[in-house]
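Counting starts at 1 for both ligands and their atoms, following the listed order.
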Amino acid sequence: MSSTTLQYKQPSLQGDITVPGDKSVSHRSIMFGSIAKGKTTVSGFLLGEDCLNTIDCFRKLGVDIEVDGTNVTINSPGIDQWTEPAEVLYTGNSGTTTRLMLGILSGTNLHTIMTGDASIGKRPMRRVADPLRLMGAQIAGRDNGQYTPLAIQGGRLNAIDYTMPVASAQVKSAILLAGIRAEGTTIVREHEVSRDHTERMLHQFGANVTVDNGVVTLEGGQQLTGTHVNVPGDISSAAFFLVAGALTAGSRIVLNNVGINETRNGIIEVLQNMGANMSIASNGENTAEPTATITIETSHLTATVVEGAIIPRLIDEIPVIALLATQAAGKTIIKDAEELKVKETNRIDAVVNELKKLGANIEATEDGMIIEGPTPLHGASLKTYGDHRIGMMGAIAALIAEGEVTLDDADCIAVSYPTFFEHINNILK
Ligand code: S3P
């Protein structure tokens, strides 16, 4: 862990960026390609640490995965022919890998052990283990399966009809992935719709899945067929540059190939509500995941309220939205976002603590935060808490802060955006 000092003197940002592949879709491409028997090819794959850990887990299960730049080729014997790994499956910092794999591994005929880094060791896993146990899964771990390391004895599963207690695509996806192997029809009911990449990919890999008014229905025992997955650019990574472009004077940034799946594009609505100078050119809807070119220019922003059903559609963007709000006129209120407390770190506390150090007028609430703007930001020594999105929020803040911003550990950014600083430097004028 080494510290990074950033100081930008009246920067403007101009140029094009093609953001790296979507993290959620990249993980799922490896998972689905490994479950399916035969060949799957992936383009635009995210070479972030989280996704590389997913690859590593499936290699340990006997799946052949070749990485050539951002192209990945998966040759799998199919889930029934995976080998029982002699080693522990290491999921690093990745909640998506840990939770989705729990669903997948529960329906195999294998004994496996999964563990991750210190952050993963503190994140709740029973939200996934409990519904999987209702399906018959055998999962053991600290605090009755709440925390890693987790041991899974795979076996026969039965379908469930499950109403989601929290809006979580990870929980929904773990149940659906187990549901592929289960006997009967698995139904997942969501009050607030979470990202639907799993449902889209089930369809792409030939499974019959229906989604109707927040109810996902999947027949068990279906075989997946290998295919090609084209990973869109990650809107959660693009978000940092949307905010950077809006906040720095004399800027114009063109973001290419950004995924705009409507279960993920809440940040666009927030920017529009705040009056951002932004245009969106759709690349057409005839792909599994729609994409667009988004242009953002320096903007005069007004405060907004972010609450309710939009929260799952922008949950990972809240740190950078909070930064955006420090420069908007008026009081921005973010609520219904208590899920932030169980991300890579407690993101309510982390965002509020670190933005305060920079001079922001921000207070934590039980389920979000209140930010009063605009406030000029100054230099400070910031902590990332080992959380990539807190690190990137700090780096974007450095673009508008007067003085030096130091990040105690910027290496964590490689989890989702290994080329982040290179991309800043490419457009810095
Ligand atoms: C993800 C779902 C979200 C998100 C995470 C990725 C996914 O988590 O925060 O970064 O790929 O399914 P929850 O579904 O637990 O909110």
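Ligand 1 has no N or O atom lying under 3.5 Å from any N or O atom of Arg195, backbone or side chain. Ligand 1 has an N or O atom lying under 3.5 Å from an N or O atom of Lys343, backbone or side chain. Annotation: Ala169 places an N or O atom under 3.5 Å from an N or O atom of ligand 1; distance criterion only. The shortest N or O to N or O distance between Ser168 and ligand 1 is under 3.5 Å.
In this structure, Trp82 and Phe58 have perpendicular ring planes: the angle between them is above 60°, well past the 30° mark.
Salt bridge Asp80/Arg181: present, at least one basic N to carboxylate O contact under 4.0 Å. By the 4.0 Å N-to-carboxylate-O rule, Arg156 lies close enough to Glu183 to be salt-bridged with it. With respect to Arg389 and Glu317, no salt bridge is recorded, no charged nitrogen being found less than 4.0 Å from a carboxylate O. Ion pairing of Arg195 with Asp316 is present here, as a side-chain N (NZ or NE/NH1/NH2) and a carboxylate O approach within less than 4.0 Å.
At the shortest separation from atom 6 (C) of ligand 1 among protein heavy atoms lies Thr96 OG1, 3.4 Å. Among protein heavy atoms, atom 4 (C) of ligand 1 sits closest to Asp316 OD2, 3.3 Å. In terms of protein heavy-atom proximity, atom 1 (C) of ligand 1 is nearest to Gln170 NE2, 3.6 Å.
Residue contacts with ligand 1 include Arg28, since one of its heavy atoms falls under 4.0 Å from the ligand.
The line from CZ of Arg126 to CG of Asp143 is 5.0 Å long, rounded to the nearest 0.5 Å. Here Gln81 contributes atom CD and Lys37 contributes atom NZ; the two are 7.0 Å apart, rounded to the nearest 0.5 Å.
Each of the following atoms of ligand 1 lies closer than 4.0 Å to a heavy atom of Ser24: 1 (C), 6 (C), 7 (C), 11 (O). For ligand 1, the atoms lying closer than 4.0 Å to a non-hydrogen atom of Ile315 are 9 (O).
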